Amino acid sequence: MKITVKAGKLETMRTDAAVLSIVEGEKPGPVAARVDKALGGMVQKLLKRGDLSAKAGSTGIIYPEGKIAAERLIVVGLGKRADLTLDRFRLAAGKAAAAARSAGAKNIAIAPEGPSFDPAEAGQALAEGSTLGLYRFLKYKSKVENNGKKKILSITVLTEKATAVSAFQKGVRTGEIIAAQAAMARDMVSSPSADMTPTVIAGIAKGLARKYRLKVQVLERDHMRKLGMGALLGVASGSVQPPKCIIVEYRGGGKKPFIALVGKAITFDSGGISIKPSENMDRMKDDMSGGAAVLGAIANAAALRLPLNIVALVPATENMPSGSAFKPGDVLRTMSGQTIEILNTDAEGRLILADALAYACRYKPAVIVDIATLTGACRIALGQEATGMLGTSDTFKQKMREAGETTGERVWELPLWDGYQDLIKSDIADMKNAGGRDGGVITAACLLSKFVEKYPWVHLDIAATAWTEKDRPYTPKGATGIGCRLLTQFLRDYDKK
Ligand code: BES
Ligand code: MN
Ligand code: ZN
């Protein structure tokens, strides 16, 4: 899909669907007023009757029959001005694009009216909202459906001010880049585990490295053994798929210290010997969402040429039961030298992260951010509206919070107080990998905290937000690609005071 920006008027644009935006409780803006006039007051009449609504994300369709140049007019609500955030705007763009597609439009013209955003920000939100709102995972649909007729080929963004075109364009370009990586993350997460093995993820990382001139290194089992990554290898021992520890570096920041991004990539989490119930086990193909997010984020950093040095670490393996699998009662020795008693082989994410975090410390990073579908308890604690956040650095937690608000991928902090550390004490090893039912999100983070040394650290638990069972604004049901946009924003604002 191509998105272009032009100076022009909505009512004279020849297009399959013209999109008009309306702010709730306000008089129509100049574009809306002109379009409405051409339509003999139809928009206002339908709004009054309640056939159209200005509520955020609501859409309606009018057939102008020659009164304006467009075949269809989509009216999308932006809600009240006081609540009109960039994310609301993203939502409206997603809804409008989806409505145009269902109506059979192949091209759209949007004249964003109402919001007083900076044109670059508006352009970015528009590109993100429409691209992500139109996203579908069609790889496994038979050909006929795959080539399904309903597809938007182009979006034209119309602005009345010729001077705003280039700023809009720049924003659109940024939004396209960011949305493309988020879509890649969704594709990866939605793919069956048989087709998204650690080897495949390593291949994807290599592909990104080629495209964006990143350095990539993939540690194989032998190498991990030499490094003493006993936790990652322990989890991998039950699988016939060879584990990979993927390391991608982006250097755009001269002599600045590295920012380390660590993403959990369990390509299938059966639970191992502590096997999961079969209901919904298919969902556990999404247990590599953290890895997909950090690969998308580092690709974005490179594509946007951010002035930073970044390393992305993706420990990748399956968690399977077999005769060679690790077992409850085992003690694993990690790369850091610390030992972990296994009480539950289903608490495997923290194990692979323990070794990846220790490896991240080798970079003496300015900050470590890890992201993982780590605990079912996170859904109990926060539901699906927020990603859980814990960590040791108030500065970086605040930056992450702000990135969450900007992107709509919101985070909510949970405490990491000392008292919780007692819950993972082991009788025979340095710690145990499962702390019982109390504070499951927190005890998982407690274990991770033992592997980040003194480095500032933020942990994100996306177990509840990586997948959605219902359609959400610009996020159709399925993989959300969460974290990719969040981390990208965190990086973009990294040096902002
Ligand atoms: N990958 C799961 C967490 C998860 C659960 C993600 C549900 C998405 C939906 C993780 O590896 C896991 O199994 N965690 C256990 C930890 C427990 C054994 C201490 C859990 O949450 O039950
Ligand atoms: Mn598990
Ligand atoms: Zn898992």
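The shown structure was predicted, so the numbers you read here are calculated from the model rather than taken from an experiment. Each ligand, and each atom within it, is numbered from 1 in the order the structure gives.
In terms of protein heavy-atom proximity, atom 2 (C) of ligand 1 is closest to D269 OD2, 3.5 Å.
Contact of the I259 side chain with the V311 side chain is not registered, since no non-hydrogen atoms from C-beta on lie closer than 4.5 Å. In this structure the side chain of N309 never reaches within 4.5 angstrom of the side chain of P257, judged on heavy atoms. For the pair V262/I371, no side-chain contact is recorded, criterion being any heavy-atom separation below 4.5 Å from C-beta on.
Under a 4.0 Å criterion applied to the non-hydrogen atoms of A463, ligand 1 contributes the atoms 6 (C), 8 (C). Near R283, the atoms of ligand 1 lying under 4.0 angstrom from a non-hydrogen atom of the residue are 8 (C), 9 (C). Below 4.0 Å from some heavy atom of G376 lie the following atoms of ligand 1, by number and element: 3 (C), 4 (C), 5 (C), 20 (C), 21 (O). Here is the list of ligand 1 atoms found below 4.0 Å of a heavy atom in N344: 18 (C). Those atoms of ligand 1 with a heavy atom of K264 less than 4.0 angstrom away are 1 (N), 10 (C), 11 (O). Of all the atoms in ligand 1, the ones that sit under 4.0 Å from a non-hydrogen atom of E348 are 11 (O).
Checking Y455, W457, Y494 one by one against F396, the ring-ring contact (aromatic ring centres under 6.0 Å, His included) holds for a single residue, Y494.
A salt bridge links R401 with E413: at least one charged nitrogen is closer than 4.0 Å to a carboxylate oxygen.
Contact annotation for R379 and ligand 1: no heavy atom of the residue comes within less than 4.0 Å of the ligand. Within the 4.0 Å heavy-atom criterion, both parts of D346, backbone and side chain, lie near ligand 1. Looking at L374 against ligand 1, only its backbone comes within 4.0 Å, counting heavy atoms.
Between the Mn ion (ligand 2) and the N, O or S atoms of E348, the shortest distance is to OE1.
Side-chain contact annotation: E348 with T317, donor-acceptor N/O pair under 3.5 Å absent. Inspection of the S324 and S237 side chains reveals no N or O donor paired with an N or O acceptor under 3.5 Å.
Here D346 does not reach the Zn ion (ligand 3): none of its N/O/S atoms is less than 2.8 Å from the metal.
Using cut-offs of 30° and 60° on the angle between ring planes, the pair Y140 and F137 is tilted.
To the nearest 10 degrees, the Mn ion (ligand 2) sees OD2 of D269 and OD1 of D346 at an angle of 100°.
Of the candidates R437, M281, R350, it is R350 that places a heavy atom closest to atom 19 (C) of ligand 1.
Annotation: Y212 is not in aromatic contact with Y250 [ring centroid separation under 6.0 Å not met].
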